[in-house]
Amino acid sequence: MSQINLAHPRHDWTLDQVEALFDLPFMELVFQAATVHRAWFDPSEVQLSQLLSVKTGGCAENCGYCSQSAHFKTGLKAEKLMDAEVVIAKAREARDGGAQRFCMGAAWRELKDRDLPRLAAMIGGVKALGLETCATLGMLTPDQARQLKDAGLDYYNHNLDTGPEYYGDVVSTRTYQERLDTLAYVRDAGMSTCCGGIVGMGEQRRDRASLLHQLATLPAHPDSLPINGLVPVSGTPLGDKVLKEGQIDSIEFVRTIAVARIVCPKAMVRLSAGRDEMSRELQALCFLAGANSIFVGGKLLTTPLPGQDEDSALFQDLDLRPMGVKTAAPETVAAE
Ligand code: SAM
Ligand code: DTB
Ligand code: SF4
């Protein structure tokens with residue numbers, strides 16, 4: 001545990017030190033991550049968030065993994081921005097199903113000012129339900145970030161996706177620096193940041209370490225840190241590559257969760273996309289390694305998630321409970 005300070009999160013990690021954590025014997029790495037997890041959180045609590053795609057498909061960006069990019073033929077039908085009332089009704093259902101946080105996602109390169117009034121109505125309505133609000137709408141200007149904050153937005157999700165060295169293999173229509181700029185505007189507006197990446201796009205261990213090194217050396221660690229397992233979507237360059245060459249080893253995925261927990265100890269580390277394909281045992285290892293947040297509700301943005309019955313059974317069998325709920329309900333992960 002020589003690199004780890006259990007009392008104070010570090011911001012001075014070097015890339016070599018982060019890679020050295022990946023290289024630890026697996027049991028030692030998981031033990032260290034679990035120790036860090038317990039220093040900051042109750043390890044029996046997992047936060048439940050629910051996602052809704054409020055504007056689906058037709059995106060101008062060419063992110064090589066994404067079903068929603070207009071650059072690739074994935075068979076996804078593009079849709080317009082949903083009405084605020086419809087979104088608020090879905091958020092109420094999510095809350096009644098046990099979600100604590102509601103995240104609204106849009107397939108946009110950047111937010112347009114003309115859409116702000118409707119988004120503000122959505123965010124205000126979701127917040128009034130007593131839910132934490134989160135949105136992921138592409139790049140923002142400083143003024144847009146302030147307006148979203150004023151509308152009641154708690155978290156903004158904007159991922160770095162991978163390390164800067166592999167980034168050019170993933171997307172060419174948005175620079176790494178543009179992502180860092182949007183994150184700075186979000187922080188300056190006083191919102192919490194949700195920022196992570198994707199594992200299993202054909203990157204090397206050094207690239208995964210580099211992503212986590214970037215996150216751990218930001219001016220402030222992300223408040224939420226989603227680790228997405230690539231969901232290989234046929235028709236996307238990275239999805240097709242992985243469908244041909246095979247998916248990342250699941251032990252390496254757990255290592256990534258563990259290193260994320262160690263380098264950003266206070267973040268909610270979210271076991272994000274890809275959970276639908278994971279065994280119960282693999283998810284249990286991820287929770288042991290420090291993941292303490294998941295998406296629930298059967299669907300991410302365009303790809304599937306386990307259903308509520310499956311998640312309830314998993315929580316019961318692992319003696320986990322939804323964050324903010326004092327005791328686990330007997331047959332559901334929903335709030336009592
Ligand atoms: N358009 C906005 C943006 O890119 O910032 C918001 C929505 S975008 C779908 C949110 C994040 O979902 C991406 O940054 C990426 O990390 C993740 N994501 C998208 N497609 C994925 C896939 N097939 N597998 C895993 N993660 C994915
Ligand atoms: C994040 O990092 N993962 C979520 C959330 N932020 C918006 C999205 C995952 C999307 C997975 C692919 C899909 O469902 O389209
Ligand atoms: Fe568009 Fe976001 Fe998909 Fe990239 S990840 S293509 S920005 S929806």
Side-chain angles (χ1 to χ4, degrees), residues 49-72 74-76 78-79 81 101-112 115 119 134-140 155-162 167 170-176 178-183 186 193-203 211 215 222-243 247-248 253 256 260 267-278 291 293-305:
S49 300
Q50 193 149 333
L51 263 173
L52 179 66
S53 180
V54 301
K55 196 275 162 220
T56 303
C59 185
E61 298 273 32
N62 67 355
C63 309
Y65 48 77
C66 188
S67 62
Q68 306 201 69
S69 167
H71 295 256
F72 318 128
T74 63
L76 189 78
E79 288 167 20
L81 179 62
R101 187 182 297 177
F102 191 73
C103 182
M104 293 153 271
W108 286 326
R109 177 168 197 272
E110 72 267 302
L111 174 59
K112 300 274 189 327
D115 292 316
L119 285 162
C134 178
T136 180
L137 314 166
M139 290 188 283
L140 300 179
Y155 285 79
Y156 196 77
N157 167 248
H158 201 66
N159 290 336
L160 294 179
D161 280 349
T162 188
Y167 184 80
V170 176
V171 50
S172 66
T173 52
R174 186 192 311 184
T175 66
Y176 212 76
E178 284 174 318
R179 291 180 187 255
L180 293 168
D181 290 345
T182 289
L183 285 169
V186 169
T193 53
C194 174
C195 183
I198 310 181
V199 172
M201 298 189 288
E203 79 286 348
L211 165 70
L215 297 173
D223 300 284
S224 276
L225 198 170
I227 298 293
N228 295 281
L230 177 74
V231 180
V233 176
S234 176
T236 64
L238 293 170
D240 286 343
K241 175 182 158 81
V242 164
L243 287 169
Q247 284 185 277
I248 190 176
F253 186 87
T256 311
M268 304 297 303
V269 174
R270 181 171 301 141
L271 174 55
S272 233
R275 206 165 60 79
D276 197 43
E277 295 290 308
M278 292 178 192
S293 175
I294 57 170
F295 285 116
V296 294
K299 196 174 175 195
L300 286 156
L301 292 171
T302 67
T303 62
L305 271 177

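Positions are given from 1, in the same order as the sequence printed here. Note that ligands are numbered from 1 as they come in the structure, with each ligand's atoms numbered from 1 the same way.
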N, O or S from Cys63 under 2.8 Å to atom 4 (Fe) of ligand 3: yes

Would you mind running through ligand 3 and noting each atom that sits below 4.0 Å from a heavy atom of Arg174? 7 (S)

Closest by any non-hydrogen atom to atom 1 (C) of ligand 2: pick that one out of Asn228, Leu52, Thr302. Asn228

What atoms of ligand 3 come closer than 4.0 angstrom to any heavy atom of Glu61? 1 (Fe), 4 (Fe), 6 (S), 7 (S)

Pairs of nitrogen or oxygen atoms closer than 3.5 Å, one from Asp161 and one from ligand 1: do any exist? yes

Give the contacting part of Thr303 toward ligand 1: side chain, backbone, both or neither, where contact means a heavy-atom distance below 4.0 Å. neither

Partner of His158 under side-chain contact (heavy atoms from CB on, under 4.5 Å), chosen from Leu183, Leu180, Leu137: Leu183

Has Gly229 got any heavy atom lying under 4.0 angstrom from an atom of ligand 1? yes

Take every heavy atom of Ser272, measure it against each atom of ligand 2, and state whether any distance is under 4.0 Å. yes

Please confirm whether Val231 comes under 4.0 Å of ligand 2, counting heavy atoms of the residue only. no

Which option out of Asp276, Leu305, Ile198, Thr303 puts a heavy atom nearest to atom 12 (C) of ligand 2? Thr303

Examine Arg101 relative to Tyr155 and say whether NZ or CZ is less than 6.0 Å from the centre of the six-membered ring and inside a 45° cone about the ring axis. yes

Identify, for atom 5 (S) of ligand 3, the protein heavy atom at the shortest distance, and state residue, atom and that distance. Tyr65 OH, 3.6 Å

Which residue from Met104, Arg174, Met201 reaches closest to atom 4 (O) of ligand 1 through any of its heavy atoms? Arg174

Numbering the atoms of ligand 3 from 1, which are under 4.0 Å from a heavy atom of Ala107? 8 (S)

